[in-house]
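One structure follows; several queries about it will come next.
These figures come from a predicted structure and were not determined experimentally. These values consider heavy atoms only, across backbone and side chains, with no hydrogens, waters or symmetry-generated copies.
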Amino acid sequence: MAATKLITLMKKCSTVKQAKQIHAHILINGFTFLRPLLIHRMLLWDVTNYRTMANYAYSMLHHLHIPDSFSWGCVIRFFSQKCLFTEAVSLYVQMHRTSLCPTSHAVSSALKSCARIHDMLCGMSIHGQVHVFGFNTCVYVQTALLDLYSKIGDMGTARKVFDEMANKSVVSWNSLLSGYVKAGNLDEAQYLFSEIPGKDVISWNSMISGYAKAGNVGQACTLFQRMPERNLSSWNAMIAGFIDCGSLVSAREFFDTMPRRNCVSWITMIAGYSKGGDVDSARKLFDQMDHKDLLSYNAMIACYAQNSKPKEALELFNDMLKQDIYVHPDKMTLASVISACSQLGDLEHWWWIESHMNDFGIVLDDHLATALIDLYAKCGSIDKAYELFHNLRKRDLVAYSAMIYGCGINGKASDAIKLFEQMLAECIGPNLVTYTGLLTAYNHAGLVEKGYQCFNSMKDYGLVPSIDHYGIMVDLFGRAGYLDEAYKLILNMPMQPNAGVWGALLLACRLHNNVELGEIAVQHCIKLETDTTGYCSLLSSIYATVEKWDDAKKLRKGMEGKDFTGCSWTSNFATP
DNA sequence: ATAGGGTTAG
């Protein structure tokens, strides 16, 4: 077959199977020079299974006897366009080892990929190569470089690259602008915005979301009305801005009036309802969506997981896997799903998912491992949790807090304290969640004095104890028999005590048979919660123990006909 | 090459 014929075939070919046939012909005829062209053509396809494509492109590259820089550039650009950033960077490194001179496509795509995965080590080394290979005047490469620094928030370097650029495009301006917006430097952004020659929609949109994120919705609205042309993103930026300011109603108004909507509009709105705790409205919107993509499923599943509806989260996850057009779950899906399993204490559901990890094409990363630490710890497998914790690449605040809490609920107070000290040594500042775990640990170990010291040390880190922290302290004092201290703590709380706090006191009164405080506590509990049978039964058993039969009788009469055996409150505080 | 969307701990 002639080379020209093969080139025509290449232009028509649209499946991997056809490409393989053409490739075979190329090999038979010895037209190796046609391989880069085939790769190039294939990568222009609009296909859904990028990973298969990417793997194939990669293997083609390695079948070339001497891969040329053009082919490398094509494949690297393809990977970065399809969001396979880690793969793109590793390809660039491989190419660099062959001592080929990269194309501008290769360099700019590699820089973009570094920016997305925050691989600054690689990014900066490519920065060095930019000078070596003489891309000082290439707008694409320089803009990608500027964008890299802009994205990680190093505005000084970003500005330096920008100032030294011989040619700037509107993209370069926008890149710098979005960096200032993200850094919250609105003054600089505003000044830059006024200087941009030939602003486009993206410049306007960046400025709008800058004002909206800073809480200045009024100014965002003004710009929105003044801008010469609006696109979908302009509307979406306004919706996101309203949601950031908590005005869900205005967000919904914009959502309803916009001329067209895309997935981003829907997801922004769903996430907004989720943050506001309005799960029903979120689900209603979700059901109205025509084409649900991965991100819309993720938003809805996360909505359930974050609003204490783990069963619904898992149900939706199962629905997602059963769709006609298969939606491939990703790491973010699993993070929410693991959180749901953890809330249910359902380790077996996770094991089922784990057995499908390869099918999903998901590799465990630190983020998922942290979610798993919480799951395993909650299910009592503290050793497995420790194993995951030790295998983390980097232990951050969330990982430490999850592990400390895990130790706390598993009665390993000394481990929790050790972890806390280790965390401080690594200069990671604790937050309220860390202290919840730590206080839980002291509570389970019954270490009253140390626990109280710990509670008082919160202010050293600028932390104000929440109602839950007070609840744990009341429980700790109360169980140890320091009922007066527990009561004093409640009276001195800076906020209104809730049923949980009074309930902890009531339980302590039951343990130590204190009628006076028990009556006070139960009165507050009844005032604060509708389902009060559990509280009453606790009080009644106090009466019974101290042989106040009349009071016990009276109380039981009041509860007649009510079933309090399955009361969730009593099981929450059940003694070990 | 730039804007607008979904992840983990109580």
(request) Check side chain to side chain donor-acceptor pair (under 3.5 Å) between A:Tyr452 and all other residues, then give those that pass, not counting sequence neighbours. (result)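 Testing A:Tyr452 for side chain to side chain donor-acceptor pair (under 3.5 Å), a comparison that skips the adjacent residues, returns none.
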(request) Could you pull out all residues at least two apart from A:His390 that satisfy side chain to side chain donor-acceptor pair (under 3.5 Å)? (result) none
(message) Under the side-chain hydrogen bond (donor to acceptor under 3.5 Å, both in side chains) definition, can you give me all pairs with a residue in residues 105-116 of chain A, not counting sequence neighbours?
(response)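 Of all non-adjacent pairs touching residues 105-116 of chain A, none passes side-chain hydrogen bond (donor to acceptor under 3.5 Å, both in side chains).
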(request) Please name all residues satisfying side chain to side chain donor-acceptor pair (under 3.5 Å) with A:Ser247, sequence neighbours left out, ordered by chain then number. (result) none
(message) Quick check for you: name the first and last nucleotides of DNA chain B, 5' to 3', having an atom under 4.0 Å from a heavy atom of chain A.
(response)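 Nucleotide range with atoms under 4.0 Å of chain A: B:dA1 to B:dG10.
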(message) Near DNA chain B, counting only heavy atoms under 4.0 Å, which residues of residues 203-213 of chain A show up?
(response)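 Residues of residues 203-213 of chain A under 4.0 Å from DNA chain B: A:Asn205, A:Ser206.
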Cut-off 3.5 Å, no hydrogens considered: what does the side-chain donor-acceptor table look like for residues 225-232 of chain A, sequence neighbours left out?
from, atom 1, to, atom 2, distance (Å)
A:Arg230, NH1, A:Phe224, O, 2.4
A:Asn231, OD1, A:Asn205, ND2, 3.2
A:Asn231, OD1, A:Ser233, N, 3.1
A:Asn231, OD1, A:Ser234, N, 3.1
A:Asn231, OD1, A:Ser234, OG, 2.9

(message) Please enumerate all residues that pass side chain to side chain donor-acceptor pair (under 3.5 Å) together with A:His469, with sequence neighbours excluded.
(response)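 A:Thr436, A:Ser466.
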(message) Once side-chain hydrogen bond (donor to acceptor under 3.5 Å, both in side chains) is applied, what residue pairs with a partner in residues 400-410 of chain A remain, sequence neighbours excluded?
(response) A:Tyr400-A:Gln422, A:Tyr400-A:Glu426, A:Ser401-A:Thr434
(request) Enumerate the residue pairs fulfilling salt bridge (Lys or Arg N to Asp or Glu O under 4.0 Å) with a member in residues 190-205 of chain A, sequence neighbours excluded, ordered by first and then second residue. (result)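 Pairs touching residues 190-205 of chain A that pass the test: none.
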(message) Please list, in numerical order, the residues of residues 257-269 of chain A that have a heavy atom closer than 4.0 Å to any atom of DNA chain B.
(response) A:Asn262, A:Cys263, A:Val264, A:Ile267, A:Thr268
(request) Could you tell me whether A:Asp280 and A:Lys284 make a salt bridge, using a distance below 4.0 angstrom between a side-chain N and a carboxylate O? (result)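 No, A:Asp280 and A:Lys284 are not salt-bridged.
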(request) Would you jot down, in residue-number order, the residues of residues 165-172 of chain A having a non-hydrogen atom under 4.0 Å from DNA chain B? (result) A:Ser169, A:Val171
